[in-house]
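Every chain is numbered from 1 and lettered A, B, ... according to where its sequence line falls, protein lines coming before strand lines.
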Amino acid sequence: MLKKLIHHEFIATGRIFLPLYGAFLIMSVLLRVYMELQNAWSFELPGWLGVIGAVPIILYVLLFIAVLAATVVVAIQRFYKNLMTEEGYLMFTLPVKVHQLINSKLLVAVIWSIASGLVCVASIFILVATPDTFITIGHWWKIIYLSAADQGLYLTGWLAFELIVSLLVGVVGSFIMIYAAIAATNFNSNHKLLMGIGAYVAISIVLQTVSSIVMTVLGMTFSQTLADMLLDSRNYMGFLDMTLWVSTIMSIITSILLYLGTHWVLKHKLNLN
Amino acid sequence: MSAILECRNLVKQYGYFQALKGVNLSIEKGKIIGLLGPNGSGKSTLIKLANGLITPTSGEILINGKAPGEESKKVISYLPDKNYLNEWMTVEQLVGFFHDFYEDFDAHAALEMMARLGVRTGDRLKNLSKGTKEKVQLILVMSRKAQLYLLDEPIGGVDPAARDYILHTIISNYNEEAAVVISTHLISDVESILDEVVFISQGEIVLTSSVDEIREQRDQSVDGLFREVFKC
């Protein structure tokens, strides 16, 4: 059933993302051509016509923002409209488990986020790539790598892995937080929007507070070790490792709690208007 | 025979408003039941509770002896009183959707009924008229071989000719193993197909009776009795 839900979720969201990606990539190509022509002929539009010259760039930036915003907006819209409004009458009467409904939405939202990121990278590449781009990147990478190593920071594959994991955990966590806030709208049928926003703000404040307390307590408890790490042995890698994992694990724990809360509300406290 | 749907002291409260005030009700298979009451009497609330779309404030509602859940959703075919299908989907896609999720859904029968009522299956739902949308919803719901059909105002928005066809569809699609609950206030239209009636008023069941009983013992039509009970 999860497979089927995911399949239909992709159909419902793909009709928004795919045309958007297409338009964005085509715009990237057009802007590149426009810039190349401008360079080749070195023309400049006179006077107020210069404003027209900015139009391709403005369009490009707007589409760039749209691609990034869509990942969040569509995730909110799919969870709220598809589950909490009239469409919820269909979704919640399907013979599926509540966690399957949540997982299908979550997984698809995360996949589109990754896709949007890749499309943005591809677009930048279309805009600026030249035959020796990779050589230039390799050149700069070497400089950055060496100067970081000089300071005791080694940009290894392991570090890249850690960063990717913590980024992924962050993305998943932010969607779960949105879902939890939307689930909270079931507690007030008259002021759903207010309830949702209020819940989101409340969750944010609680998470911020708890994480600062935990960080402070951990910092004070291990102050000697930390001082050793940073000042005496200059073990920056160890420090970076530790902070990344502590914050990632904390994020995983809060995400699990929020997920369980969302699941509980949708299973036991559902109140569709 | 065991009850397919049972309510025990079922209460649903919205803020200060009590939509259901301790309802006790038992519905058995093999019958077509009219859930009849004026607007706002609690008909939709009762049906939504049976589908697990809202949670009881107190008391319980049981489908085949169990609270609403994945199992009950397999055996209930529900027609809500609103447009609940994705507007951007075509009729054909919706048939595919139902086919994917409900094992008891007969896609062939659904498409045949769509054709019979002149519904173009390539059209997106948002391009259909209000009446046609209702027909699509009802056909999808009635194309399942469910144990319990919960139809909330199934004939409100369609013309009398389609009404007859729909009622005919309901009778011919249902079987001895199923119960059909039709909530409506258009009593004269559905009266001919009902076996039993449940009158509900201001969140309370005021009368349950078989239609034959009403006709023989009271010498009244259901419509007539309804007008008497709910006289303003």
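Counted within 6.0 Å of CD on A/Q208, heavy atoms from surrounding residues, nucleotides or ligands total 12 or fewer; the atom is thus considered open. Enclosure of atom NE2 in B/H108 is not indicated, since only 12 or fewer non-hydrogen atoms of other residues, nucleotides or ligands lie within 6.0 angstrom. Counting heavy atoms of neighbouring residues, nucleotides and ligands inside a 6.0 Å radius, atom NE2 of B/H99 does not exceed 12 of them. Residue B/Q202 qualifies as open at atom CD: its count of foreign heavy atoms under 6.0 Å is 12 or below.
Taking CD1 of B/I54 as the reference point, atom NZ of A/K269 lies at 12.5 Å (rounded to 0.5 Å). One distance of note links CD of A/E86 with CD of B/E87; it measures 9.5 Å at 0.5 Å rounding. Between A/T93 atom OG1 and B/I76 atom CD1 the span is 9.0 Å, to the nearest 0.5 Å. A distance of 8.0 Å separates CG in A/N271 from NZ in B/K48, rounded to the nearest 0.5 Å.
Residues from residues 8-20 of chain A that place a non-hydrogen atom less than 4.5 Å from a non-hydrogen atom of chain B comprise A/H8, A/I11, A/A12, A/R15, given in numerical order.
When every heavy atom of A/N273 is checked against every heavy atom of B/K82, the shortest pair comes out as O-NZ, 3.3 Å.
Residue contact with chain B, scored on non-hydrogen atoms closer than 4.5 Å, is absent for A/L266. Proximity to chain A involves both the backbone and the side chain of B/K74, based on heavy atoms less than 4.5 angstrom apart. For B/F98, the part lying near chain A is the side chain, with the backbone staying farther off; criterion is any non-hydrogen pair under 4.5 Å. Interface residue A/N82: only side-chain heavy atoms are found under 4.5 Å from chain B.
Looking only at distances, a side-chain donor or acceptor of A/K4 sits under 3.5 Å from a matching main-chain atom of B/D100.
Contact of the B/N51 side chain with the A/F92 side chain is not registered, since no non-hydrogen atoms from C-beta on lie closer than 4.5 Å. No side-chain heavy atom of B/E70 sits under 4.5 Å from any side-chain heavy atom of A/V96.
Each of B/Y78, B/F101, B/Y84 was evaluated against A/L90; a single residue qualifies, B/Y84, per the side chain to side chain contact (heavy atoms under 4.5 Å, CB included) test.
Between chain B and the residues A/L5, A/L94, A/T85, A/N186, the largest count of heavy-atom pairs under 4.5 Å involves A/L94.
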